[in-house]
2 protein chains.
Amino acid sequence: MQRWDGYGSPWWHGRFRGCGYRITVPRRIILDVLSKTSEHLSAEDVYVAVHKIYPNVGLTTVYRTLELLVQMGLVFRFDFGDRKARYELAMGPKGMRHHHHLVCTDCGRVVDYTDFLDEEKELLSRTEVGLAEKYNFTISNHLIQFYGLCDKCRVKK
Amino acid sequence: MQRWDGYGSPWWHGRFRGCGYRITVPRRIILDVLSKTSEHLSAEDVYVAVHKIYPNVGLTTVYRTLELLVQMGLVFRFDFGDRKARYELAMGPKGMRHHHHLVCTDCGRVVDYTDFLDEEKELLSRTEVGLAEKYNFTISNHLIQFYGLCDKCRVKK
DNA sequence: AAATTTAATGAAAGCAATTTTCATTAAAAA
DNA sequence: TTTTTAATGAAAATTGCTTTCATTAAATTT
Ligand SMILES: [Mn+2]
Ligand SMILES: [Mn+2]
Ligand SMILES: [Zn+2]
Ligand SMILES: [Zn+2]
């Protein structure tokens with residue numbers, strides 16, 4: 001699952017070195033936790049998972065590291081409406097995996113989807129160009145989320 | 001700018017009455033503040049603006065009222081990434097005005113746009129149908145935001 | 001126009017997520 | 001090794017928002 005750089009280190013070591021950041025135990029573990037899940041973890045979730053492996057890591061460090069990773073572009077931060085941040089690795093083992101989200105407003109379930117992305121991509125890039133021109137923005141990113149009820153929650157109502 | 005119902009009351013009085021809600025001074029003022037701006041105000045922003053007109057209104061009431069207005073569908077709540085909610089009237093004088101956003105990640109400036117909405121709508125509804133089917137979701141809403149640098153912030157860098 | 005009812009309000013306390021502070025630790029450079 | 005300094009963890013602080021509860025004031029009834 002993990003990718004190595006041919007020198008015996010995980011692929012992200014170079015990124016850290018390049019920025020002058022140190023490679024520490026907490027950082028290693030946090031990246032490990034994130035790379036082993038497909039869920040959208042909160043800082044607390046990460047803390048709990050990390051804690052199982054190495055109980056000395058503090059919640060503060062988890063917050064700090066997640067922030068750093070977001071800054072570095074290795075991790076995406078999302079807000080699905082429950083006013084607590086969710087984190088997710090920006091690039092999987094197979095490289096970038098930009099995707100959009102489907103969020104259940106009742107139970108909070110989040111589904112990643114990449115289907116329909118081709119058509120979307122088409123339109124989005126056209127839209128980006130148009131918007132950039134008209135409003136003088138340099139667009140670097142976009143966020144698309146659909147909200148609704150998942151099957152289970154629909155039945156409950 | 002304000003619209004009346006022909007009986008001397010603002011258009012939203014009916015909505016309130018219909019739901020059994022009372023028309024109070026704080027509610028009147030909060031709606032007034034929201035209808036007089038094109039910005040995306042935080043609860044605090046609303047509080048400050050309201051306070052100038054009528055200093056007796058408390059922050060609690062601002063929060064409660066905004067929540068109520070969101071519930072009623074008169075106001076939209078957004079999160080542009082700075083973990084504080086922003087509010088905006090759902091319908092302008094010219095009726096519903098669903099729109100999307102362009103957000104500057106540096107200065108936080110937010111631009112509304114309605115261009116390209118037709119094309120987007122087209123694609124979105126198709127996407128919604130597809131997603132609904134595949135993932136068994138009942139989709140009721142979507143959020144689209146583009147992130148980047150506004151002209152001023154691009155120059156600064 | 002009172003009196004009555006009860007939803008709405010404001011101040012204060014509470015809360016959860018996140019950030020700051022600061023003394024200590026441990027990567028990495030020398 | 002020794003030295004340097006970024007990173008850490010515990011505790012305290014801050015932020016945005018919610019809850020509680022006694023008081024007030026819309027709206028309804030008299
Ligand atoms: Mn995802
Ligand atoms: Mn807007
Ligand atoms: Zn659900
Ligand atoms: Zn800007």
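Proteins get letters first, then strands, A, B, ... in listed order; numbering begins at 1 in each.
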Is there any protein nitrogen or oxygen under 3.5 Å from a nitrogen or oxygen in nucleotides 14-16 of chain C, and what are the pairs?
none

From [atom1] of [X] over to [atom2] of [N], roughly how many Å is that when rounded to an integer?
| X | N | atom1 | atom2 | result |
| --- | --- | --- | --- | --- |
| A:Leu68 | C:dT18 | CG | P | 17 Å |
| A:Glu67 | C:dA17 | CD | P | 18 Å |
| A:Ile30 | D:dT8 | CD1 | C1' | 11 Å |
| A:Ile23 | C:dA26 | CD1 | P | 17 Å |
| B:Asp82 | D:dT15 | CG | P | 14 Å |
| A:Asp79 | C:dA17 | CG | P | 12 Å |
| B:Leu66 | C:dA8 | CG | C1' | 15 Å |
| A:Asp45 | C:dT18 | CG | C1' | 15 Å |

### Task
Just do the side-chain hydrogen bond (donor to acceptor under 3.5 Å, both in side chains) check on A:His100 and A:Gln145 with the steps written out, would you?
CA-CA 6 Å; A:His100 298 161; A:Gln145 298 179 203; over 6 Å; no
If you only use heavy atoms from C-beta on, which nucleotide in [options] is closest to the side chain of [X]?
| X | options | value |
| --- | --- | --- |
| B:Tyr21 | D:dC17, C:dA28, C:dA8 | C:dA8 |
| A:Arg64 | C:dA8, D:dT5, D:dG9 | D:dG9 |
| B:Ala85 | D:dC17, C:dA8, D:dT8 | D:dC17 |
| A:Pro26 | D:dC17, D:dG9, C:dA27 | D:dG9 |

### Query
Ring centres of B:His142 and B:His98 under 6.0 Å apart?
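Judged by ring-centre distance (under 6.0 Å), B:His142 and B:His98 do meet the cut-off.
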### Message
Under 6.0 Å between ring centres: does that hold for A:His101 and A:Tyr113?
### Response
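For A:His101 and A:Tyr113, the ring centres are not under 6.0 Å apart.
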Reckon [X] has a side-chain N or O less than 4.0 Å from the OP1 or OP2 of [N]?
| X | N | answer |
| --- | --- | --- |
| A:Arg17 | C:dA28 | yes |
| A:Arg83 | D:dG16 | no |
| A:Tyr63 | C:dT19 | no |
| A:Thr65 | D:dA7 | no |

### Task
Remember a base hit wins even if backbone is also touched, and classify B:Arg27 as base, sugar-phosphate or nothing at under 4.0 Å, heavy atoms.
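Sugar-phosphate, backbone atoms only, no base.
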### Query
Do B:Phe16 and B:Leu68 have side-chain heavy atoms sitting under 4.5 Å apart?
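The answer is yes; the side chains approach within 4.5 Å.
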### Query
If two hydrophobic side chains count as joined below 4.5 Å and joins carry through other members, does B:Leu123 share a cluster with B:Leu143?
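Different clusters: B:Leu123 never reaches B:Leu143 through Ile, Leu, Val, Met, Phe, Trp or Tyr contacts under 4.5 Å.
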### Between B:His40 and B:Asp112, a side-chain donor and acceptor under 3.5 Å
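Yes - a donor-acceptor pair under 3.5 Å links their side chains.
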### Task
Determine whether the side chains of B:Asp45 and B:Ser42 contain a donor N or O and an acceptor N or O closer than 3.5 Å.
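Their side chains do contain a donor-acceptor pair, which is all the 3.5 Å distance test asks for.
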#### Entry: Expected output: side-chain B:Thr65 to main-chain B:Val62 donor-acceptor under 3.5 Å
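Absent.
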### Task
Would you check if the side chain of A:Arg27 reaches a backbone N or O of A:Arg22 as a donor-acceptor pair within less than 3.5 Å?
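Such a contact is found between A:Arg27 side chain and A:Arg22 backbone.
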### Sub-4.0 Å heavy-atom contacts from residues 48-61 of chain A onto DNA chain D, ordered by number
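Of all residues in residues 48-61 of chain A, the ones placing a heavy atom under 4.0 Å from DNA chain D are A:Asn56, A:Val57, A:Gly58, A:Thr60, A:Thr61.
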### Query
B:Tyr87 or B:Val25: which one's nearest nucleotide on DNA chain D is closer to the 5' end?
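Its nucleotide being nearer the 5' end, the pick is B:Tyr87.
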### Message
Given the structure, check if the side chain of A:Arg22 and the base of D:dA7 hold any donor-acceptor pair shorter than 3.5 Å.
### Response
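Counting by modelled atom types and ignoring angles, no donor-acceptor contact under 3.5 Å is found here.
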### Task
Determine the interplanar angle of the B:Phe80 and B:Phe78 rings, folded into 0 to 90°, and report it as parallel if under 30°, tilted if 30 to 60°, perpendicular if over 60°.
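Taking B:Phe78 first and then B:Phe80, their aromatic rings lie parallel (interplane angle under 30°).
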